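Report on the following structure.
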Amino acid sequence: MSAPAPSPLAIVDAEPLPRQEEVLTEEALAFVAALHRRFTPRRDELLARRAERRAEIARTSTLDFLPETAAIRADDSWRVAPSPAALEDRRVEITGPTDRKMTVNALNSGARVWLADFEDASAPTWENVILGQLNLTDAYTRRIDFTDPVSGKSYALKDAGELATVVMRPRGWHLNERHLQVDGEEVPGALVDFGLYFFHNARRLLDLGKGPYFYLPKTESHLEARLWNDVFVFAQDHLGIPQGTIRATVLIETITAAYEMEEILYELRDHASGLNAGRWDYLFSIVKNFRDGGTRFVLPDRNAVTMTAPFMRAYTELLVRTCHKRGAHAIGGMAAFIPSRRDAEVNKVAFEKVRADKDREANDGFDGSWVAHPDLVPIALESFDRVLGERPNQKDRLREDVHVEAADLIAVDSLDAKPTYPGLVNAVQVGIRYIEAWLRGLGAVAIFNLMEDAATAEISRSQIWQWINAGVEFENGLKATPELAREVAADELENIRAELGEEVFAAGHWQQAHDLLLEVALDEDYADFLTLPAYRLLRG
């Protein structure tokens, strides 16, 4: 008797979308199902390993470079694969979600790379997940031009040679896609995003002289990088694409990954393109992992933790050295400022800060950096042009002067700054305002002239949690307590009501956002990711 055919991938509780059949073809769904069956069990094991490692950090309050991988770090002979031509020059990268307007604007921005984001800058509604895929395919086939029905403004792509190269970021390993299931089990969002994009676009991108390039988020260990590498090998074989066609840049945005940078590049060496310094998630990861480590791990206000803080400097300089030693690109952090259309003085001050930040990164040896808005592209370009000139990168700058010890990466108490009451207020404001937008399906939100995404919401709620649990006393004599956080949150809710008016306020998700922020900021059991309970509330 022959074995039964594998169950197809099922679309569950999802409203049909225009043109979704172009994305959700039978063949594409079969490919995603194959990825799920082969790799989700290992994903589950690695998520369990994260919890075990967190428990060990709670016990020891320390981290170190791994003794079992010392031979990889000591072996000076290996390098990552040579960079494809489309990724040789990455001096400025713009980030953003894959809605239609952003797709056109990002590709036209003058940046060398667009991080097309299905992760922190995108709330994972069914519409965002599927239509985001469609928008990318439409861009590659030049069917993306459109006129905004509200403003009447037309959007059209420039000539192909002027467009940014797309590097797509799928969701992290921890998030599932509830609308796609195999045998009643939700498929990891990472495999959905990667699988649909790769299946539909790998050959098309090769024909365009580029390739399927990815940013890998939330990686916590070299074993997770190994899993991604195995996914890549399987996917390329499955579609008959040459091995090494895929290229991946890994975000070093967790404290554990900072101790395994070389090992992560080694695991992905046939597919690696570089590493990126992701600032806000990195700070969130420090709080998450060392939240019971005592006062020496208490972070001050997030805006007081600049990239010149000693422990952040250790992280970024080690990243540059590691990448260049192994022939990979080192990509710097985000300039999140959103220019004001009304306040030239605000812009002037902010542009100077952005310029100083990008100058520092270029001078430190980074090969490129991120911006969140097209108006910042020329500023970042100027900083990197000044250092690079006509060269595509500075990977030949090995930074052998850099020596980072294990303790340097977690020397949080080397920063001479303390939490403040205005910092608490700002964390509450950003948390409520961001979560409310996320629940409406918006993942990238301008708040107080900064582009906020899920990472900034994570650091906001984590700092509230940490300050309360550490018994922080602010400069005004008030102590961080659940009662104080609730009082500040209630005040902010009323401020938003007054700012918007009753009708607009009632049409939003403000009470839900307020309640969820307090839940994840005050619960004794710290939620690993804000987006996990938030996803249960997300409609669509």
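Note that the structure is predicted; figures quoted are calculated from it, not measured.
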Pairs under 3.5 angstrom only: tabulate donor-acceptor contacts from the side chains of residues 68-75 to other protein residues two or more places apart or in another chain.
residue : atom : partner : partner atom : Å
Thr69   : OG1  : Leu66   : O            : 3.3
Thr69   : OG1  : Arg73   : NH1          : 3.0
Thr69   : OG1  : Glu263  : OE2          : 2.5
Arg73   : NH1  : Leu66   : O            : 2.9
Arg73   : NH1  : Glu263  : OE2          : 2.7
Arg73   : NH2  : Leu66   : O            : 2.9
Asp75   : OD1  : Ser77   : N            : 2.9
Asp75   : OD1  : Ser77   : OG           : 2.5
Asp75   : OD2  : Ser77   : OG           : 3.3

message = Can you tell whether the side chains of Glu56 and Arg59 come within less than 4.0 Å, N to carboxylate O?
response =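 Yes, Glu56 and Arg59 are salt-bridged.
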
message = Check whether Ser460 reaches the backbone of Gly431 with its side chain - one donor and one acceptor, N or O, closer than 3.5 Å.
response =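 Judged by distance alone, no pair lies under 3.5 Å.
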
Going by the rule side chain to side chain donor-acceptor pair (under 3.5 Å), which residues pair with [X] if we only count those two or more places apart in sequence or in a different chain?
| X | result |
| --- | --- |
| Ser61 | none |
| Asn135 | Arg100 |
| Asn449 | none |
| Arg386 | Asp359, Glu382 |

ask   = What pairs with Arg38 under salt bridge (Lys or Arg N to Asp or Glu O under 4.0 Å), at least two apart in sequence or on another chain?
value = none

task = Could you pull out all residues at least two apart from Asp375 that satisfy salt bridge (Lys or Arg N to Asp or Glu O under 4.0 Å)?
result =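 By the salt bridge (Lys or Arg N to Asp or Glu O under 4.0 Å) rule, Asp375 matches Arg341.
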
[X]: which residues meet the side chain to side chain contact (heavy atoms under 4.5 Å, CB included) condition with it, sequence neighbours left out?
| X | answer |
| --- | --- |
| Leu442 | Ala437, Arg440, Val445 |
| Glu267 | His222, Ala225, Arg226 |
| Ala85 | none |

request  = Apply ring pair (Phe, Tyr, Trp, His ring centres under 6.0 Å) to Trp465 and list each qualifying residue two or more places apart in sequence or on a separate chain.
outcome  = Tyr526

key: By ring pair (Phe, Tyr, Trp, His ring centres under 6.0 Å) - contacts of Tyr282 (at least two apart)   = Tyr315

